[in-house]
Amino acid sequence: MEITSAISSFLTHVQVEKGLASNTLSAYKRDLAKFEDFARKRKLELSVVKRDDLVDFLASLYHQKLESKTVARHLVTLRKFFSVTCRS
């Protein structure tokens, strides 16, 4: 599955089936857009993303001088995304 369509499916899933608050949904959308941009620059397909790629992504967020709690939120978003996406 292409990463863009996987993100779209995930956002629909958490909105419809989980009934998340709009602020949470917006945060997921922003976090995953950053990850999608990172993956696109590295020419990563969803099926080949490895742990090291995720570590590199989180490190890139630290290099952008983001707060630790913001990077932690991105990690939570990615965990949720991959748990839902890989289950499908």
Side-chain angles (χ1 to χ4, degrees):
M1 176 182 278
E2 182 186 319
I3 197 162
T4 302
S5 59
I7 289 171
S8 179
S9 294
F10 170 76
L11 292 172
T12 299
H13 168 77
V14 296
Q15 180 181 23
V16 173
E17 295 189 26
K18 299 297 179 183
L20 294 181
S22 61
N23 286 343
T24 303
L25 191 61
S26 294
Y28 278 2
K29 192 176 211 176
R30 278 191 311 274
D31 295 350
L32 291 172
K34 285 183 187 177
F35 177 70
E36 181 180 15
D37 185 52
F38 173 86
R40 185 178 298 120
K41 286 178 182 173
R42 291 196 170 200
K43 297 179 173 52
L44 294 172
E45 296 289 327
L46 186 60
S47 60
V48 299
V49 173
K50 304 288 184 228
R51 180 186 181 277
D52 288 344
D53 298 316
L54 299 177
V55 170
D56 289 347
F57 170 65
L58 295 172
S60 76
L61 297 177
Y62 278 114
H63 286 107
Q64 294 172 33
K65 307 282 191 229
L66 295 179
E67 297 278 336
S68 293
K69 65 182 179 179
T70 302
V71 176
R73 190 195 70 228
H74 281 77
L75 176 58
V76 169
T77 299
L78 289 171
R79 282 182 177 159
K80 184 70 173 169
F81 171 69
F82 280 101
S83 72
V84 168
T85 303
C86 292
R87 188 178 50 183
S88 304

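- In this structure, L32 and I7 approach most closely via the heavy-atom pair O-CD1, 3.6 Å.
- Applying the salt bridge (charged side-chain N to carboxylate O under 4.0 Å, His left out) test to every pair with at least one member in residues 19-39, sequence neighbours left out, gives these pairs: D31-R73, E36-R40, D37-K41.
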Donor-acceptor pairs under 3.5 angstrom involving side-chain atoms of residues 48-59: please list them, not counting sequence neighbours.
from	atom 1	to	atom 2	distance (Å)
D53	OD2	K50	N	2.8
D56	OD2	R42	NH1	3.0

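- Taking the side chain as every heavy atom from C-beta outward, Y28 and L20 approach each other to under 4.5 Å.
- V76 and F82 fall into different hydrophobic clusters, where Ile, Leu, Val, Met, Phe, Trp and Tyr side chains are chained together by heavy-atom contacts under 4.5 Å.
- Distance NE2/H13 to OG1/T85: 9.0 Å, rounded to 0.5 Å.
- Taking CZ from F10 and CD from Q15, the interatomic distance works out to 11.5 Å, rounded to the nearest 0.5 Å.
- Partners of S8 under the side-chain contact (heavy atoms from CB on, under 4.5 Å) rule, at least two apart in sequence or in another chain, do not exist in this structure.
- Enclosure of atom CD in E67 is not indicated, since only 12 or fewer non-hydrogen atoms of other residues, nucleotides or ligands lie within 6.0 angstrom.
- Side-chain contact between F38 and L61 is absent, with no heavy atoms from C-beta onward closer than 4.5 Å.
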